[in-house]
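Below, chains carry the letters A, B, ... as their sequence lines are ordered, and counting in each starts from 1.
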Amino acid sequence: KQEVTQIPAALSVPEGENLVLNCSFTDSAIYNLQWFRQDPGKGLTSLLLIQSSQREQTSGRLNASLDKSSGRSTLYIAASQPGDSATYLCAPQAGSSNTGKLIFGQGTTLQVKP
Amino acid sequence: DTAVSQTPKYLVTQMGNDKSIKCEQNLGHDTMYWYKQDSKKFLKIMFSYNNKELIINETVPNRFSPKSPDKAHLNLHINSLELGDSAVYFCASSQNTDNSPLHFGNGTRLTVT
């Protein structure tokens with residue numbers, strides 16, 4: 001059974017800092033891994049999707065890496081801004097095919113202070 | 001233009017009642033999902049439909065019955081509501097191609113009293 005852990009659970013940083021959010025998962029047989037952000041009272045917004053054959057993906061100030069064999073992914077946020085404040089969720093997709101069955105961690109709640 | 005829209009946003013009801021949550025996506029996606037986020041913020045898949053056919057049912061009680069009249073809609077009907085059903089329910093969709101990201105609605109907060 002896939003279990004996903006995200007560390008730290010909460011993080012507070014001053015604006016401008018670079019930061020790393022960690023995600024670990026127990027079953028390396030994943031189809032892809034997605035990172036989302038969730039704002040209070042809102043749905044999830046997809047940030048990055050890393051295919052199982054890829055090592056990293058980049059979008060603007062965000063960079064996500066994937067080490068499938070060790071069951072780890074990191075989300076790097078460069079030059080953090082107050083607008084980055086949200087909960088960040090890591091979700092590997094279970095199985096060897098495109099089922100859409102995402103297994104979510106509990107998230108890291110990020111606060112970026114001006 | 002809202003890509004995945006759910007109604008209602010809030011739903012407060014008493015135990016034993018039957019209620020429905022509606023979901024529509026205008027992205028032309030083939031696959032739709034229902035996820036449940038509990039009070040501890042854990043998100044867990046409930047159902048997945050591809051082109052109106054059920055493909056995932058994650059041991060959800062049969063009081064929950066999804067219905068997909070067409071591939072743009074996936075509604076969730078819940079019978080005999082229980083206190084433990086209180087949660088936020090999220091609808092999502094994805095293009096049924098390899099490695100396409102999920103797009104989520106804003107959620108329906110269900111409170112059972």
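- There is no path of hydrophobic side-chain contacts, each under 4.5 Å, that joins B:V4 to B:Y10.
- Of the listed residues (B:P101, B:A92, B:G105), the one with the most heavy-atom contacts under 4.5 Å to chain A is B:P101.
- Atom-to-atom distance recorded for A:Q93:CD and B:I45:CD1 is 8.5 Å, nearest 0.5 angstrom.
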Residue pair B:E58, A:K101: steps toward the side-chain contact (heavy atoms from CB on, under 4.5 Å) verdict: CA-CA 10 Å; B:E58 282 291 303; A:K101 181 179 173 181; 3.1 Å; yes
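- Residue-environment remark: CZ (A:R55) stays at or below the threshold of 12 foreign heavy atoms within 6.0 Å.
- Taking all atoms of both residues into account, the shortest heavy-atom contact from B:K40 to A:Q106 is O-NE2, 3.1 Å.
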Start with the C-alpha gap between B:K44 and A:F104, add the side-chain angles, then the distance that decides, and say whether side-chain contact (heavy atoms from CB on, under 4.5 Å) holds. CA-CA 7 Å; B:K44 194 171 179 183; A:F104 283 87; over 6 Å; no
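- Between B:L43 and A:L44 the shortest side-chain heavy-atom distance falls below 4.5 Å.
- A:I50 and A:V4 end up in the same hydrophobic cluster when Ile, Leu, Val, Met, Phe, Trp and Tyr side chains are linked at under 4.5 Å.
- Scanning all heavy atoms of the two residues, the minimum distance from A:S46 to B:L102 falls at CB-O, 3.8 Å.
- The side-chain heavy atoms of A:Q38 and B:K41, taken from C-beta on, include no pair separated by under 4.5 Å.
- Here the side chain of B:Y35 pairs a donor or acceptor atom with the backbone of A:L102 at under 3.5 angstrom.
- A:L62 is connected to A:V112 through a chain of hydrophobic side-chain contacts under 4.5 Å among Ile, Leu, Val, Met, Phe, Trp and Tyr, so both are in one cluster.
- Under the 4.5 Å side-chain contact rule for hydrophobic residues, B:F47 and B:F104 do not share a cluster.
- Hydrophobic clustering of Ile, Leu, Val, Met, Phe, Trp and Tyr side chains at less than 4.5 Å, counting indirect connections, unites B:I21 with B:M32.
- Proximity to chain B is absent for every atom of A:I103, based on heavy atoms less than 4.5 angstrom apart.
- Residue-environment remark: NZ (A:K42) stays at or below the threshold of 12 foreign heavy atoms within 6.0 Å.
- Using a 4.5 Å cut-off between heavy atoms, B:S48 contacts chain A through its side chain alone, with no backbone atom that close.
- One distance of note links OG of B:S94 with CD of A:Q34; it measures 8.5 Å at 0.5 Å rounding.
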